[in-house]
Amino acid sequence: MIMRLKGLVMLPLMTSYLGPVSFGVWSQVLVVVATITPLIVMGTDSAAMRYLPGRPEAEQKAMYTGLTLFLIVSSAIAALMILATGPSISGIFFGEDPQFQSLMPLAALNIIISITLNSTNNWLLINNRIFTRSLFTIIQVIANLSAILTSILFKIDIYHIILMTILADALVLLTLITTVAATENIPKPDFSAIRPMLKIGITIFPAGYAVLGLNMMDRFFLLKFRSMEEIGIYSLIYGIGSMIVPMLAQPFWTMYPAQSSKLYNQNQHVEGQRLFNQSAGIVFALLMPTVVGSAIVAQSLIAIIAPAEFASGAQLLPIIVAGYAIDLLASYFAVSLGLVYRQYWTTISLICACLINLVLNLLLIPGYGATGAAIATLIAFAAHFLICFSLSSLWRVYTTSLKFVLKVLAASLLMGALIYPLQLEIRTHEFSPLIKLAISATAGVLVYISLLMISGVLSPRLIARSASQLFRRD
């Protein structure tokens, strides 16, 4: 949540200062890091969370120290390979313009620091050092924002802005390692766990890369068929969508997988169904009006966050928000498949969705640009949802109330129909974008809640009971 709030603060700063082209360059550097990092880590970060907990503390520390050193060495080797093949990698991610080749050393350095920082944070998580981990997350946010503000103050170029943020992360990493070394006994590394963790990680790796492909594949096609400016606009809207949906859903989703597994393993299927109804129902009821509302307030929201050069991206926001909403809802049915030990179908579903996205990107982006990219991703997420939902229904894990779904959809669409004329009227007045957004959002929330109460979906007693049961941690 803290990192998403960081993005909410950074986006207006970055877009206003950089403009679409340089913001696109910034985004592409992050795509380089996100594409190469999983090849180095190979799912061992997730594997460690499954392999190490429950072992003696000394053994955990020794094994994770060994894994961390292994990943640092691996990332250093990968960084050298990036430097050696810099022009080729730059051509893939930035096109043939040679000026972008200078960014490759920064990407290589960022990979080393990111992997080491993530490994150290995971070590704190495994050892239940939640406060320390949260504290350094906040410090990292402050350091990054300070680097951005300093860059803007001194009006430096995109190359040095990226360098400043990397150095800020390096400083946080150094402080974190120093703190851990001073407060903990760093044991002799035990490399015996690397092989079993790699075995676990390799099974997770394809799904992780399929998710990466779903989220970032379109940037490659936009670079080939369109322009860096369009990548910058698209990346901004994608970033907004990736913040809105999790910020609304995360409080109700976070505890669901663990609680659902616990109830299912204890054969408490009635309680499990009730938990599913509450968690998935609340998330669905929050996300559907958000999708509709994002189509109505997109122009005002983009005007608040970014300068006028990004305004053309407003039409993409409801498509991207819908895609992320569908993907998050698919996660509930993916959990259900895991409960009956059919989680491999989730991987197959993600790979299928990634292939659909690939084909649609090839078909749509040359003619429709960023709009085609957004539609392709939405259809791919929808395919993933349908596969997970269908298979979950086949094994009859938990049922979904069609009546509830139809009532929420009807309330969301009716809310949109009632608020849209108000939005048109607001546009005729010279209010600030913030005032326009506040009026439309407030009216939309009040209308939607009223419609849910009229339809019988919502009542004060239901809200209180659902909240108390959902957040109970026994």
Side-chain angles (χ1 to χ4, degrees), residues 31 34-51 196-221 238 242 245-246 249 253 256-258 260-261 264-265 272 276 279-280 283-284 287 319-320 322-365 373-400 405:
V31 171
T35 302
I36 295 175
T37 297
L39 288 171
I40 302 167
V41 178
M42 290 297 292
T44 54
D45 51 347
S46 298
M49 298 298 172
R50 293 170 59 182
Y51 186 78
M197 281 193 281
L198 280 172
K199 285 183 177 180
I200 297 172
I202 287 172
T203 63
I204 303 170
F205 173 75
Y209 238 93
V211 171
L212 183 68
L214 280 169
N215 285 281
M216 296 188 174
M217 181 192 303
D218 39 29
R219 311 303 199 281
F220 296 98
F221 293 100
Y238 218 93
S242 69
V245 171
W253 157 257
Y256 176 77
S260 180
S261 298
Y264 193 86
N265 291 338
F276 173 83
S279 181
V283 168
F284 184 75
L287 293 184
I319 304 173
I320 291 171
Y324 268 107
I326 291 170
D327 180 51
L328 196 144
L329 291 169
S331 300
Y332 281 94
F333 300 101
V335 169
S336 295
L337 291 174
L339 295 179
V340 293
Y341 299 101
R342 300 292 193 278
Q343 58 266 33
Y344 55 85
W345 278 109
T346 303
T347 299
I348 294 171
S349 175
L350 286 167
I351 292 172
C352 290
C354 189
L355 292 174
I356 291 171
N357 197 28
L358 173 64
V359 173
L360 291 176
N361 278 327
L362 281 168
L363 293 174
L364 297 178
I365 288 179
I375 292 172
T377 305
L378 172 60
I379 294 173
F381 279 139
H384 172 53
F385 172 85
L386 287 173
I387 294 172
C388 289
F389 172 77
S390 300
L391 292 172
S392 175
S393 300
L394 179 65
W395 277 291
R396 299 179 182 179
V397 183
Y398 295 129
T399 59
T400 303
V405 169

Test item: [X] and [Y] side chains (from C-beta on) under 4.5 Å apart, heavy atoms:
X    : Y    : value
V211 : L350 : yes
S242 : Y324 : yes
L358 : F221 : yes
F381 : N215 : yes
F389 : L329 : no
L391 : R342 : no

Q | N/O donor-acceptor pair under 3.5 Å between T44 side chain and V41 backbone | A |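 Checked: pair present.
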(Q) Is it the case that the side chain of N357 and the backbone of A353 share a donor-acceptor pair, with hydrogens and angles ignored and the cut-off at 3.5 Å? (A)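 Answer holds: no.
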Rounded at 0.5 Å granularity, tell me how far [atom1] in [X] sits from [atom2] in [Y].
X    : Y    : atom1 : atom2 : answer
F284 : S279 : CZ    : OG    : 13.5 Å
I356 : T377 : CD1   : OG1   : 12.0 Å
F385 : S331 : CZ    : OG    : 10.5 Å
C354 : N361 : SG    : CG    : 9.5 Å
I379 : L364 : CD1   : CG    : 6.5 Å

Q. By side chain to side chain contact (heavy atoms under 4.5 Å, CB included), which residues pair with P257, not counting sequence neighbours?
A.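 Checked P257 against side chain to side chain contact (heavy atoms under 4.5 Å, CB included); matches are W253, V335.
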Restricting to non-hydrogen atoms, name the atom on [X] and the atom on [Y] that form the minimum distance, rounded to 0.1 Å.
X    : Y    : answer
L339 : S260 : CD1-OG, 3.5 Å
I326 : A382 : CG2-CA, 3.8 Å
P38  : T35  : CD-O, 3.5 Å
V31  : R219 : CG2-CG, 4.1 Å
L214 : A380 : CD2-CB, 3.5 Å
D218 : I365 : O-CD1, 3.8 Å

Q | side-chain contact (heavy atoms from CB on, under 4.5 Å) between L360 and I375, intermediate numbers included | A | CA-CA 8 Å; L360 291 176; I375 292 172; over 6 Å; no
Q: Report the relative orientation of the aromatic rings in F276 and Y332; use parallel for angles under 30°, tilted for 30 to 60°, perpendicular for over 60°.
A: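 Rings of F276 and Y332: perpendicular, as their planes differ by over 60°.
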